[in-house]
There are 2 protein chains.
Amino acid sequence: MNTAPRTLANTDCGDCPIRYRAVCSRCEPDELDILDSMKSYKTYEAGQTICWAGDHLQYVGSVVEGVAALSQTMEDGRRQMVGLLLPSDFVGRPGRETAPFDVIAATDVTLCLFHKTPFEELINSTPTIASRLLEMTLDELDAAREWMLLLGRKTAREKIASFLAIIARRNAVLQRKPAAGRMEFILPLSRDAMADYLGLTLETVSRQMSALKREGLIELHGKRQITIPDFAMLMNETGDDTDGGMLS
Amino acid sequence: MNTAPRTLANTDCGDCPIRYRAVCSRCEPDELDILDSMKSYKTYEAGQTICWAGDHLQYVGSVVEGVAALSQTMEDGRRQMVGLLLPSDFVGRPGRETAPFDVIAATDVTLCLFHKTPFEELINSTPTIASRLLEMTLDELDAAREWMLLLGRKTAREKIASFLAIIARRNAVLQRKPAAGRMEFILPLSRDAMADYLGLTLETVSRQMSALKREGLIELHGKRQITIPDFAMLMNETGDDTDGGMLS
DNA sequence: TCCCGTTTTTGATCTTGATCAAAGCACTCG
DNA sequence: CGAGTGCTTTGATCAAGATCAAAAACGGGA
């Protein structure tokens, strides 16, 4: 959690919210043109399944607006979200035939899509794109592994606090504000979806949210609008290191 | 868990147990020579820490022999393993300055190492290597996300069964035997390390192992030598899909 | 405005796995 | 051979979170 993901906000890619711009901030103009000519947009409504695990993959792309979730379901219905896709996040699997997980629109979502095959050709012919994509994938891997610590070892309260902190921080980055002091944002997930993400039941999520509210660590206006009066206070409840990340 | 990882055994790379051979099975001979001239070996004893989270990274490489673990520790001592590195697995972060997690030798381990900087140059100049590394990283990401399902939603019994099934299958791949019927192998982890990997306590691990033994799903000879009389039987306890993985 | 369906909150109880505690085993070393 | 040490197993109890069950709050039409 120490290292901010290499998204839009810390990459030199102007105002374009599309992740491939980030890819292309290091590209030659020619390559940018190639990508521009390939792209198309598609929108999905909240709750819609964008693609099922096992589906044949035709596209890769990135989230422009809204929030999508990667999710896995067991035969008996137990579900676990394995990734949140926020604006500027890459979606898809260059080099793979089928989707490994379900992709679900958590809110209304707009994607920017490219046909997979020409994109793969671009990767294979353009080392800068391939290595940029590698960096992004490594970041995702680190994030997944941080989440494993949360799922395996954190208490319900710590899980909720960590989740709120992540959303708040991510939101601050998008708005180019500091992640400190008083922060406000809209929760992109229902209690049910939060439970799926955190490895809890929705009742436990609700109870812990109520507890944090009771203790003044968060304020709830309606169900989705959150205010964190003091970000540092909330961070104390996450179980994470508070110091900025050891030596160096 | 449906898709076998692209390791040694299903890549055309002869008998060399080193992962970069796998990378190089698609390379030109020149590139192979470059890699050969860069490599060196280093061994670590069981229990030794190979590198700490935050350490400055000098090398990348791969596991030749033994088992290493990626691990995270919270201030109060709670620990979560976030990855197992088996022979042929890649270790390191091209494009990153510091290690994101601790790397610990679970057994005696031999690594094959390259200096990071020239390796990064090779990536940037050689699209085949970059895109191969991308594929490997995406595989790791999928594996991490499967593990998130295990950590977030599976019962203790399912966790143990899943772990044993993974080790057994991975072992079978290395020995070029089918992952079915009667299978024998040596557990690479102590009960304590298993607990760290599965998000359990060592007592719970021990109890569940005893239960599986009592029910005849596994046989224990000593503490580490395991026999699975019927792999399919054990798979029934993992909570995973039994069918070979939907359409396609 | 009032209804109706959905989402969320709250309450009561139960279960799984954690915690605390004590043996049991296998190995090494003196 | 026997004590010591580091795993591992087993037992007894506890508690966090799940489950079952209602009630409350919200939101969006008609």
Side-chain angles (χ1 to χ4, degrees), chain A residues 45-48 74 76-80 104 106-108 150-164 186-215 218-226 237 239, chain B residues 45-48 74 76-80 104-107 150-164 186-215 218-226 237 239:
Chain A
E45 283 175 29
Q48 232 185 317
M74 294 169 70
D76 61 5
R78 280 176 283 175
R79 207 174 330 156
Q80 178 64 52
I104 296 164
T107 64
D108 292 353
L150 177 143
L151 291 173
R153 294 299 182 196
K154 288 191 178 178
T155 64
R157 163 180 265 252
E158 287 170 338
K159 287 179 175 182
I160 299 286
S162 300
F163 174 74
L164 293 174
I186 306 282
L187 266 190
L189 300 184
S190 66
R191 299 289 185 270
D192 189 45
M194 282 177 66
D196 283 347
Y197 196 32
L198 298 169
L200 298 169
T201 59
L202 80 168
E203 292 96 329
T204 299
V205 170
S206 178
R207 266 185 257 274
Q208 295 296 336
M209 293 285 286
S210 299
L212 292 177
K213 178 182 171 189
R214 208 177 311 123
E215 298 168 32
I218 61 173
E219 291 162 23
L220 278 163
H221 315 99
K223 291 162 194 313
R224 297 290 192 97
Q225 168 79 37
I226 306 269
E237 303 298 324
Chain B
E45 282 174 30
Q48 233 184 317
M74 294 169 70
D76 60 5
R78 280 177 282 175
R79 208 176 327 160
Q80 179 64 52
I104 295 164
T107 63
L150 177 142
L151 291 173
R153 294 300 182 196
K154 287 190 179 180
T155 65
R157 163 180 265 254
E158 287 169 340
K159 286 178 177 184
I160 299 285
S162 300
F163 174 74
L164 293 174
I186 306 282
L187 267 189
L189 300 185
S190 67
R191 300 289 185 269
D192 189 46
M194 282 175 66
D196 283 346
Y197 196 32
L198 298 169
L200 298 169
T201 59
L202 81 168
E203 293 96 327
T204 299
V205 170
S206 180
R207 268 185 256 274
Q208 295 296 336
M209 291 286 285
S210 299
L212 292 176
K213 179 184 170 187
R214 207 177 312 123
E215 298 169 32
I218 60 172
E219 291 161 24
L220 278 163
H221 316 99
K223 291 159 193 320
R224 296 289 192 98
Q225 168 78 35
I226 307 268
E237 304 298 326

*asked:* If you compare all heavy atoms of B:Gln80 against all heavy atoms of B:Tyr197, which two are closest, and at what distance to 0.1 Å?
replied: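 The pair with the smallest heavy-atom distance is NE2-O, 3.1 Å.
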
*Minimum heavy-atom distance between B:Ala156 and B:Leu200, given as atom pair plus value*: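 What the structure gives for the nearest pair is CB-CD2, 4.0 Å.
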
*DNA chain D: 5'-proximal contact among A:Val205 and A:Lys223 (nearest heavy atom)*: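 The answer here is A:Val205.
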
Measuring from the side chain of [X] (C-beta onward, heavy atoms only), which nucleotide among [options] has the closest atom?
X	options	result
A:Arg207	C:dA12, C:dG17, C:dT8	C:dA12
B:Thr155	D:dT8, C:dG17, C:dT10	C:dG17
A:Thr201	C:dT9, D:dT19, D:dT9	D:dT19
B:Ser210	C:dT8, D:dT9, D:dA18	D:dT9
A:Gln208	D:dT9, C:dT10, D:dG17	D:dG17

_Contact check, side chains of B:Gln208 and B:Lys159, non-hydrogen atoms, under 4.5 Å_ =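 B:Gln208 does not reach B:Lys159 side chain to side chain.
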
Please report, rounded to the nearest Å, how far the [atom2] atom of [N] is from the [atom1] atom of [X].
X	N	atom1	atom2	value
A:Lys213	C:dT8	NZ	C1'	11 Å
B:Arg78	C:dA18	CZ	C1'	13 Å
B:Met209	D:dC7	CE	C1'	13 Å
A:Ile160	C:dT9	CD1	C1'	14 Å
A:Leu220	C:dT9	CG	P	7 Å
A:Asp76	D:dT19	CG	P	10 Å
A:Leu200	C:dT15	CG	C1'	16 Å
B:Glu158	C:dT16	CD	P	12 Å

_The single option from A:Glu237, A:Arg157, A:Lys154 passing side chain to side chain donor-acceptor pair (under 3.5 Å) against A:Ser162_ =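 For A:Ser162, the side chain to side chain donor-acceptor pair (under 3.5 Å) check succeeds only for A:Lys154.
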
*Determine yes or no for a side-chain-to-main-chain donor-acceptor pair under 3.5 angstrom, with A:Ser206 supplying the side chain and A:Leu202 the backbone.*
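Not at all, since once roles are kept as given, no pair shorter than 3.5 Å links the two residues.
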
*Starting at the 5' end of DNA chain C, which residue's closest nucleotide do you reach first, A:Ser190 or B:Gly199?*
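Between the two, 5'-proximity favours A:Ser190.
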
_When you measure from the side-chain N and O atoms of A:Thr204 to the phosphate of D:dA16, is any distance below 4.0 Å, counting only OP1 and OP2?_
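Indeed not, no polar side-chain atom of A:Thr204 lies that close.
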
